[in-house]
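First the structure, in the form of structure tokens, and then the observations on it.
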Amino acid sequence: MGQWLAFLETLFPQVWESLVTIYNFQLYRHVEWPPGWSLSWRWPHHEVINHIAGAEAKEQGVCNETLGGQRPHCCLKNPVIIDLIIGAPYNKRVANCCKGGVLASMTQDPSKAVAAFQMNVGNAGGNALNFWMPTRFRFGSPGYSCGDPEFVDPTKFPDDGGRRWTQAQKTFKVICTFSQFQASPAPTCCVSLSAFYSPDIIKCPSCSCACWKQPAPKCIEQGEIRPRLQKPKDPDTEPPVVWNLAVKHPNLRGVVQVFSFNYRPLNRDGTFNDTGLFWGIQYYNDMLLQSGDSGNVQSEMLLRKDLGHFTFSGGWAFPRRIYFDGQECVMPSPVDFPRLPSERNLAP
């Protein structure tokens, strides 16, 4: 589940300052570029965005009102706000802004799982006791839907080295959740398997790309999908490539060392851990992009062998589930997993 919290600070009637902060609490699902995140809502009355820092509205709209002779930044009833590019000028930045719309997963990098922008809003109406909240929030990344805003305790901010605290007049939050089916009704990745003890290479299951919705020539027939990563055209303005792989496997509790990938366990229940997140090291990601469609990245792991659980039989050595960039991949059926020679001889 993702949560996005907005902290609004009212200064005085008709004009107020707002600090909007977006948090990605997903453990393994990031918001990638393109298209990056966008946030939209519906103003309750005739509000306009006079100024904004850390982001920008996609369109200005028709502005009839002026602020000291200067046209407002956006006068639309339903503004759509997008992040600034990485190389945005310093006078347009705020803390946690300007990542080109990318939000990392909380596991990969908590410092990059947050975005923020600040607005000066005019024609606001209301007051600190009777504050009119925006409605109909939309988080413009595939698969997300947002609930209604709700007031929470006013946010407090440290001042004078922490000796004093100030607080917002009003704070509300909006929670947006993700649905894989809404993001992509058909699977977007599949898994092939092989083992040193078996000559069989188990390909992606046929029709992993949803044959029932697409013409047969587009279906996967004994093939495999390679992840396609888009290279930034300008590293100074566009975010770097990121990817991750969430894996469910009973022996991840025995991980000693992982090579060439970053790794972190996702859940721990006492001494038991069966789910972990792998993601790329930027140096190898850059090499992968330079190799084009034929490029690949590989990793090796050192695992402790728990004699009470470890076995090669019955497909135990293979993962149970795999998610690539937060999307669940199609796995071969367990009955098709590579088998030990003794198991193949016993098979009907």
Measure the spacing between [atom1] of [X] and [atom2] of [Y] and express it to the nearest 0.5 Å.
X	Y	atom1	atom2	value
Phe261	Met301	CZ	CE	9.5 Å
Ser145	Phe178	OG	CZ	10.5 Å
Arg42	Arg138	CZ	CZ	11.0 Å
Arg321	Lys248	CZ	NZ	7.5 Å
Lys58	Cys74	NZ	SG	12.0 Å
Gln118	Cys97	CD	SG	11.0 Å

Counting only N and O atoms by type, is there a donor-acceptor contact under 3.5 Å from the side chain of [X] to the main-chain atoms of [Y]?
X	Y	result
Gln180	Glu328	yes
Ser179	Gln182	yes
His249	Arg320	no
Arg264	Gln108	no
His73	Ala57	yes
Lys170	Met133	no
Asp83	Ala55	no
Asn91	Ala53	no
Asn244	Tyr28	yes
Thr171	Thr155	yes

Are [X] and [Y] connected in the hydrophobic side-chain network, where two residues link if heavy atoms are under 4.5 Å apart?
X	Y	value
Val174	Tyr144	yes
Phe172	Phe139	yes
Leu303	Val258	yes
Trp316	Met331	yes
Phe318	Phe324	yes

Are more than 12 heavy atoms from other residues, nucleotides or ligands located less than 6.0 Å from atom [atom1] of [X]?
X	atom1	value
Tyr283	OH	no
Asp148	CG	no
Glu59	CD	no
Asp153	CG	no

Heavy-atom pair of closest approach, residues [X] and [Y]:
X	Y	value
Ala104	Asp109	CB-O, 3.9 Å
Pro134	Pro44	CA-CD, 4.0 Å
Arg71	Cys63	NH2-N, 3.9 Å
Glu47	His45	OE1-N, 2.9 Å
Leu266	Ala246	CD1-CB, 4.3 Å
Ala116	Ala95	CB-O, 3.5 Å

Exercise for the section: Over 60° means perpendicular and under 30° means parallel, so classify the ring planes of Tyr263 and Phe278, tilted if in between. Expected result: tilted
Practice task
On the 0 to 90° scale, with breaks at 30° and 60°, tag the Trp41-Trp43 ring pair as parallel, tilted or perpendicular.
Solution key: perpendicular
Exercise for the section: Would you sort out whether Leu103 and His30 count as a side chain to side chain contact (heavy atoms under 4.5 Å, CB included), showing the intermediate values? Expected result: CA-CA 6 Å; Leu103 289 173; His30 57 259; 5.9 Å; no
Any heavy-atom pair between the side chains of [Y] and [X] that's under 4.5 Å?
X	Y	value
Glu56	Ile82	yes
Pro338	Leu193	yes
Pro72	Ile49	no
Gln167	Lys156	yes
Val247	Tyr323	no
Asn96	Lys99	yes
Ile52	Ile81	yes
Ile202	Pro332	yes

Handout entry: Ser299 and Ser260 side chains, donor-acceptor separation under 3.5 Å
Key =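 Absent: no donor and acceptor within the cut-off.
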Handout entry: Candidate pair Phe117 and Thr21, rule side chain to side chain contact (heavy atoms under 4.5 Å, CB included), full reasoning
Key = CA-CA 7 Å; Phe117 58 92; Thr21 308; over 6 Å; no
Handout entry: SG-SG distance Cys189 to Cys329 under 2.5 Å
Key = yes
Problem - Residue pair His46, Val48: steps toward the side chain to side chain contact (heavy atoms under 4.5 Å, CB included) verdict - result: CA-CA 7 Å; His46 304 289; Val48 297; over 6 Å; no
Practice task
With Ser105 as reference, evaluate Leu27, Asp325, Leu277 under the side-chain contact (heavy atoms from CB on, under 4.5 Å) test and give the passing residue.
Solution key: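 Answer after filtering Leu27, Asp325, Leu277: Leu277.
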